[in-house]
Number of protein chains: 2
Amino acid sequence: MEVDEWHAPRVLLTVDLVILTLRGSRLHVLLVRRGIEPYQGEMALPGGFLRDAEEGIAEAAHRELAEEAGLDAASLHLERSGVYDDPGRDPRDRVISVAYLAIAPRLPEPVAGTDAAGACWTPVDDVLTGHVKLAFDHRQIVEDGVERARAKLECSSLATAFCGETFTISDLQQVYEAVWGIRLDPRNFYRKVQQVQDFIIAAGPLRKTEHGRPARLFRAGPGRALHPSMLRPAAPVTEEGDDDER
Amino acid sequence: MEVDEWHAPRVLLTVDLVILTLRGSRLHVLLVRRGIEPYQGEMALPGGFLRDAEEGIAEAAHRELAEEAGLDAASLHLERSGVYDDPGRDPRDRVISVAYLAIAPRLPEPVAGTDAAGACWTPVDDVLTGHVKLAFDHRQIVEDGVERARAKLECSSLATAFCGETFTISDLQQVYEAVWGIRLDPRNFYRKVQQVQDFIIAAGPLRKTEHGRPARLFRAGPGRALHPSMLRPAAPVTEEGDDDER
DNA sequence: TTAATAGTGTCTCTCAGACACTATTTT
DNA sequence: AAAATAGTGTCTGAGAGACACTATTAA
């Protein structure tokens with residue numbers, strides 16, 4: 001041991017939010033334009049420093065969610081997603097960032113009551129491909145957050161957090177398709193999702209659709225973990241690994 | 001935004017290590033007796049403060065692994081496991097802890113070349129049940145680390161990190177049984193583990209056993225992700241959820 | 001009617017688990 | 001021989017995906 005904590009370095013702590021939602025049939029992330037240096041004028045994730053030494057990190061995440069995105073933290077799914085600590089990630093100082101993943105249902109406007117000017121929903125594909133550049137290591141933070149969301153769709157009821165109070169099975173399928181970035185068979189999805197215990201429960205009336213037969217409405221059920229789980233299709237097995245077996 | 005970073009609070013950063021290994025057929029975690037306040041004389045996870053502001057957290061984890069446990073970090077599986085930031089978790093100051101999970105193969109002595117006096121392997125069950133008390137929130141850190149190890153056995157080749165250079169299929173089964181805390185059928189395990197691509201590869205000779213037929217030896221294969229995965233048996237389905245259907 | 005979406009039934013394949021059975025060693 | 005562990009074969013049941021089929025709406 002022999003650690004002398006009086007000489008241990010102190011670091012700054014920020015919270016960054018990866019707020020995901022569906023717009024159209026694509027997954028979007030909320031970005032803000034930075035008003036201060038460094039990276040002034042560039043796009044970045046909403047977030048900021050801890051307010052004071054007594055504020056918990058989760059507490060700060062809730063505060064930033066309300067301040068910067070105008071979203072009611074109580075109604076949103078919010079969970080820690082990752083920690084970013086590369087000593088050179090912020091040119092000013094040693095800054096550690098704790099990322100939080102938030103899932104929002106479809107919202108009519110980019111953001112209502114936003115504190116930061118220039119907040120906007122951006123397709124995650126544009127961020128992941130590098131078409132839209134982000135400040136700091138925020139592209140990596142988005143990538144990790146999206147991957148976490150993808151994984152959690154398999155074994156948790158996270159998908160319902162993308163939907164409103166009630167939704168059809170088709171709505172839910174769109175969530176899975178947008179987040180996973182693949183197409184699913186509607187008939188198999190329909191059967192599968194209803195076999196999961198406590199995932200969705202029937203909620204009264206039908207919803208008229210633009211075309212076709214009206215669909216039943218459902219609400220999120222009490223289950224948090226899915227049994228059986230909604231596994232992603234396995235990546236197609238390529239034969240490239242068998243080269244040395246010829 | 002409008003965050004004035006000059007007034008943002010700074011925090012201390014520690015790294016804590018959850019080093020797991022198998023001893024006998026039980027899962028053990030490495031603990032040290034604290035030499036300084038707070039919690040002086042009590043058991044805790046090895047770890048410590050960042051050395052300086054330029055040291056990365058992963059770097060610090062490797063350093064502590066060598067200093068406190070005498071283990072060669074290069075040969076061990078080491079990954080970030082969690083972050084602990086409750087403002088009251090350290091009575092002295094605001095201290096954030098980043099936990100790392102390390103997996104060690106069976107070692108002959110409690111620890112060789114250990115810097116900290118009183119380091120010892122302790123059965124994780126004794127920690128999780130509260131039979132052995134730990135300083136700070138270290139019991140929670142152990143619990144989270146063990147759960148992460150349990151989950152990673154399913155989809156990664158982590159289990160081989162508990163074994164030496166070569167091992168039998170029976171050895172590998174003992175890893176799964178000890179970490180998951182359940183018994184597995186040897187015949188099914190044998191078949192299943194060999195169907196996983198690039199998980200284990202045959203390594204020459206047989207190993208004599210105390211009783212019974214000698215077993216083939218294997219080495220860890222190149223695969224990191226397991227296909228198909230080694231899923232834990234599902235928790236038995238209880239009927240308590242069906243009460244409202246009578 | 002057609003187009004479109006909702007919802008059902010059924011087949012096949014793969015994998016998990018149960019377990020009978022054979023093989024090879026020590027005592 | 002018995003005991004013990006290694007390793008194989010086979011059956012059953014559950015779930016995933018393919019896909020034919022029916023149901024109900026708008027245009």
Side-chain angles (χ1 to χ4, degrees), chain A residues 24-25 153-155 159 163 166-177 180 182-197 199-218 223 225-237, chain B residues 25 153-155 159 163 166-177 180 182-197 199-218 225-239:
Chain A
S25 59
L153 284 199
E154 291 192 324
C155 56
C163 301
T166 61
F167 49 85
T168 67
I169 288 182
S170 184
D171 292 338
L172 201 56
Q173 183 181 342
Q174 281 186 45
V175 173
Y176 277 89
E177 290 184 335
W180 284 347
I182 57 175
R183 300 285 296 175
L184 299 171
D185 184 297
R187 295 100 89 197
N188 290 334
F189 184 87
Y190 189 93
R191 197 169 12 81
K192 194 167 168 176
V193 81
Q194 296 214 94
Q195 283 170 355
V196 178
Q197 301 297 320
F199 186 16
I200 59 175
I201 52 183
L206 303 183
R207 169 187 293 171
K208 299 236 176 187
T209 51
E210 196 175 355
H211 295 296
R213 174 176 173 177
R216 282 187 289 194
L217 283 172
F218 293 84
L226 303 190
H227 298 289
S229 45
M230 303 280 298
L231 297 180
R232 273 179 280 191
V237 177
Chain B
S25 60
L153 283 199
E154 291 192 324
C155 55
C163 301
T166 61
F167 48 86
T168 67
I169 288 181
S170 183
D171 292 339
L172 201 56
Q173 182 180 343
Q174 280 187 45
V175 173
Y176 277 88
E177 290 185 334
W180 284 349
I182 58 176
R183 299 286 295 176
L184 299 171
D185 183 297
R187 294 100 89 196
N188 291 333
F189 184 86
Y190 190 95
R191 197 169 12 80
K192 193 166 169 178
V193 81
Q194 295 214 94
Q195 283 169 354
V196 178
Q197 302 296 321
F199 186 16
I200 58 173
I201 53 183
L206 303 183
R207 169 186 293 171
K208 300 235 176 186
T209 51
E210 196 175 355
H211 295 297
R213 175 176 171 176
R216 282 188 288 193
L217 283 172
F218 293 84
L226 303 190
H227 299 288
S229 44
M230 304 279 299
L231 297 180
R232 274 179 280 189
V237 177
T238 58
E239 296 297 327

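Chain A is the first sequence line, chain B the second, and so forth, proteins listed ahead of strands; every chain is numbered from 1. The analysis underlying the following values was restricted to heavy atoms, covering all of them including side chains, and did not include hydrogens, waters or symmetry mates.
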Open item on the list: For chain A and DNA chain C, what are the first and last nucleotides along the strand, 5' to 3', with at least one atom under 4.0 angstrom from a heavy atom of the protein chain?
Closed with: C:dA4 to C:dT10
Open item on the list: Could you check whether any side-chain heavy atom of B:Val193 comes within less than 4.5 Å of a side-chain heavy atom of B:Phe218, counting everything from C-beta outward?
Closed with: no
Task: Main-chain N/O of B:Leu184 paired to B:Gln173 side chain as donor or acceptor, under 3.5 Å - done: yes
TODO: On DNA chain D, check which nucleotide each of B:Asp171 and A:Arg213 is closest to and give me the residue with the more 5' one.
DONE: B:Asp171
Open item on the list: Quick check against the 3.5 Å criterion: does B:Tyr176 have a side-chain atom that pairs as donor or acceptor with the backbone of B:Ala159?
Closed with: no
Open item on the list: Measuring only between side-chain heavy atoms, which start at C-beta, is A:Leu217 closer than 4.5 Å to A:Thr168?
Closed with: yes
Open item on the list: Can you confirm whether A:Leu153 sits close enough to A:Arg232 that some side-chain heavy atom of one is under 4.5 Å from a side-chain heavy atom of the other?
Closed with: no
- [ ] Describe the nucleic acid contact of A:Ser170 in one word from base, sugar-phosphate, nothing, applying a heavy-atom distance below 4.0 Å.
- [x] sugar-phosphate
Task: Side-chain touch A:Glu177/A:Ser25, heavy atoms, less than 4.5 angstrom - done: no
Task: side-chain contact (heavy atoms from CB on, under 4.5 Å) against A:Ile201, all qualifying residues, sequence neighbours excluded - done: A:Arg219
Open item on the list: Determine whether B:Arg213 and B:Leu206 satisfy the following criterion, side-chain contact (heavy atoms from CB on, under 4.5 Å), listing intermediate values before the conclusion.
Closed with: CA-CA 10 Å; B:Arg213 175 176 171 176; B:Leu206 303 183; over 6 Å; no
TODO: Name every residue in residues 183-195 of chain B that has at least one heavy atom under 4.0 Å from any atom of DNA chain C, in order of residue number, or write none if there are no such residues.
DONE: B:Asp185, B:Arg187, B:Asn188, B:Arg191, B:Lys192
